[in-house]
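Keep in mind the model is a prediction, meaning the values are calculated, not measured. Values reported hereafter were calculated over all heavy atoms of this structure, with side chains retained and with hydrogens, waters and symmetry mates removed.
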Amino acid sequence: MQFTTEGNDHLPFAQAQRDAHNPGMFDDQGNRKPPIYINHVDDNGYCDVKYYMPRTVACSVQALDDVFGSYHRFQNRIISEDKLNLIYAEHRLLLGFLFNSRTMMVILSPRKREKIMCILSEEGWTETKTKATLTEAATINGMIQSAAEFFPWGRARLLVLQQLLRVQIRKAFARYKVLSRIQRRVTETRRAMPKNLQYRLKHLGLTEVLRAMWNSKEKFTVTDDVRKALRTIYKFLQEERRWETPIGHIVHREPAIISTQDASHLALGVQVLEREIMCLIPYSQEIIDAIKVSHKVHINSLEFIAIMVSLMIFQLDYKQHKSMYPPYPTMTCYGDNTAANSWVRKIQTESTTGQNLLRYYGELTLHSPVHNNLSHIPGQDNVVADDISQVCKLFSPHLSSAHSCPFPILLQQIVSKYKQMQSWRVFLPSPEVLADLKSILLSDYCMEDVNPPRNLGQFVRVEHILCAGSNSDDYSRQYSQETVL
């Protein structure tokens, strides 16, 4: 069964819809299907019909016996007696998270939130701490990273802290290198770092530096910027609702819709076939110069923006046509840029621009009723989105830029090739969104505060733009200005 989204605290039951990944528990004749897995493992969240719950629990107990062996009088019992009490609850604690099968939400447990806040405050990380060891940094980084596992905005916020820690550790390493001739000492004393410490610090990307710092027990400086970043995280930990997300955004499901997107050096394009929506965003001359002349803007950043635009389209369409979607719907975004796809999956990049964009993306996902997943599509198969982003090549001769051409004419050229788009809707990002993205692309530093837009934009019918554009030069110029990044 599934849950509808009516009501705030408890969701009423409704008939579930099967898909390829979730075929259901009963066959077409109403008979219970056999379990997919031979045994259950501990710890798990049991989900079964009430009649079969005793057998489900017994399977888990049997699995533990198979792994650890049966009871021995000289050993403590491996299996907790509580497991044999068939008491079912809507809440269950699992590795620091609570998941509620009645509201279908995953929530960071209060105990885990309080533990992180306690360490941050008692050890002085937010106010007084001036020096720290790698072990202390690994503890803080690992705990926050674990807490943010299911929250993209939290992992994006963690990037700020990791970047600041990276800078201070490099500085401490430089000082130690001068004082102790670190190159000779590292080769002579290769004392290995503990595996768990390496794992928690792997995202800092400083393998040799971290090894040297670990061998020397050297401390690094905790600056005001580091304390400020931790104070921000501490403040977020106090906001309980920030740390919850729908289970439907975590489990593997069939997507409600699919999008394809692409970015060129002159414009970016998106199409959502099921909902008959497209988007074309030409670049301003300032962005083009930053791409081709100063090389300040990389194509990976533009491809990532195209993914964000797809999410904005999904959010706005869901808001306007909620009844057309299942509860907590997901979208699969097909892109041909593996780097941009990786940014979304891992919420991790060394690029300063990429980190700023990830925080903007993270704020978009906060409390979002929809979720997007990424999948790769070969460039040669990404035809429609590629044609939209390279609209200049649809003209003969080719245009040198898209922003200098009236927007209705650009649309007319796309519609001439794809006549079915005549009845589609065009997503026009708000001036606020365009200004935010442009500011992030041209920024040279890691931005402290990245706020989500209050207005995503609007949908306008293609025929309305073409009709109005042909009747009014002022209207045509207005659309050209409002759609340029």
Side-chain angles (χ1 to χ4, degrees), residues 156 259-272 278-313 333-362 364 372 374-379 382-394 398-405 407 410 414 427-444 447 450 453 456-457 482-485:
S259 73
T260 58
Q261 57 278 322
D262 191 49
S264 70
H265 288 165
L266 297 176
L268 62 85
V270 179
Q271 77 141 351
V272 183
M278 63 167 288
C279 178
L280 167 64
I281 304 179
Y283 307 147
S284 64
Q285 190 59 48
E286 189 176 6
I287 295 295
I288 293 175
D289 290 341
I291 297 170
K292 296 184 176 181
V293 180
S294 65
H295 304 291
K296 187 176 182 179
V297 175
H298 196 274
I299 190 65
N300 292 349
S301 299
L302 301 171
E303 294 275 7
F304 182 80
I305 288 178
I307 294 172
M308 280 202 293
V309 170
S310 296
L311 177 60
M312 293 178 193
I313 291 173
C333 300
Y334 283 92
D336 55 23
N337 185 281
T338 54
N341 293 351
S342 175
W343 288 6
V344 178
R345 290 195 195 98
K346 299 179 180 179
I347 312 293
Q348 188 68 232
T349 176
E350 294 185 7
S351 163
T352 300
T353 302
Q355 291 176 12
N356 291 334
L357 287 171
L358 276 172
R359 287 209 300 285
Y360 194 77
Y361 170 80
L364 281 175
N372 66 325
L374 272 295
S375 188
H376 179 72
I377 183 174
N382 197 18
V383 178
V384 178
D386 184 69
D387 282 340
I388 297 174
S389 69
Q390 302 199 51
V391 61
C392 296
K393 293 185 177 181
L394 299 180
H398 296 172
L399 299 181
S400 58
S401 66
H403 69 84
S404 58
C405 182
F407 189 72
L410 295 176
I414 296 171
F427 173 66
L428 301 177
S430 67
E432 179 187 3
V433 168
L434 295 173
D436 288 345
L437 295 176
K438 185 174 182 179
S439 174
I440 292 174
L441 285 175
L442 299 178
S443 177
D444 292 320
M447 303 171 72
V450 179
L456 294 178
E482 287 184 352
T483 57
V484 172
L485 176 59

**Q** If we ignore angles and hydrogens, is there a donor and acceptor under 3.5 Å between the side chains of Tyr334 and Asn382?
**A** no

**Q** Any sub-3.5 Å donor-acceptor pair from Asn341's side-chain atoms to Gly335's backbone N or O?
**A** yes

**Q** Between Leu364 and Pro453, which heavy-atom pair has the shortest distance, and what is it?
**A** CD2-CD, 3.9 Å

**Q** Among residues at least two apart in sequence or on other chains, which ones pass side-chain contact (heavy atoms from CB on, under 4.5 Å) with Ser294?
**A** Ala290, Lys296

**Q** Under a 3.5 Å cutoff, is there a donor and acceptor pairing between the side chains of Ser259 and Gln261?
**A** yes

**Q** Not counting sequence neighbours, which residues clear side-chain contact (heavy atoms from CB on, under 4.5 Å) with Ser404? List them please.
**A** Ser401

**Q** Can you say whether the rings of Tyr361 and Phe304 are parallel (under 30°), tilted (30 to 60°) or perpendicular (over 60°)?
**A** perpendicular

**Q** If we count only N and O atoms by modelled type, under 3.5 Å, do the side chains of Asp289 and Tyr283 hold a donor and an acceptor together?
**A** no

**Q** Under 4.5 Å between any side-chain heavy atoms of Ile414 and Met278, yes or no?
**A** yes

**Q** Which heavy-atom pair separates Val433 from Pro429 by the least distance, and what is that distance?
**A** CG1-CB, 4.2 Å

**Q** If we count only N and O atoms by modelled type, under 3.5 Å, do the side chains of Gln390 and Ser264 hold a donor and an acceptor together?
**A** no

**Q** Any side-chain heavy atom of Ile281 sitting closer than 4.5 Å to one from Val270?
**A** no

**Q** What I'd like to find out is whether the side chain of Ile307 reaches to under 4.5 Å of the side chain of Leu311, using heavy atoms alone.
**A** no

**Q** Say whether, by atom type as modelled, one donor and one acceptor occur between the side chain of Ser439 and the main chain of Asp436 under 3.5 angstrom.
**A** no

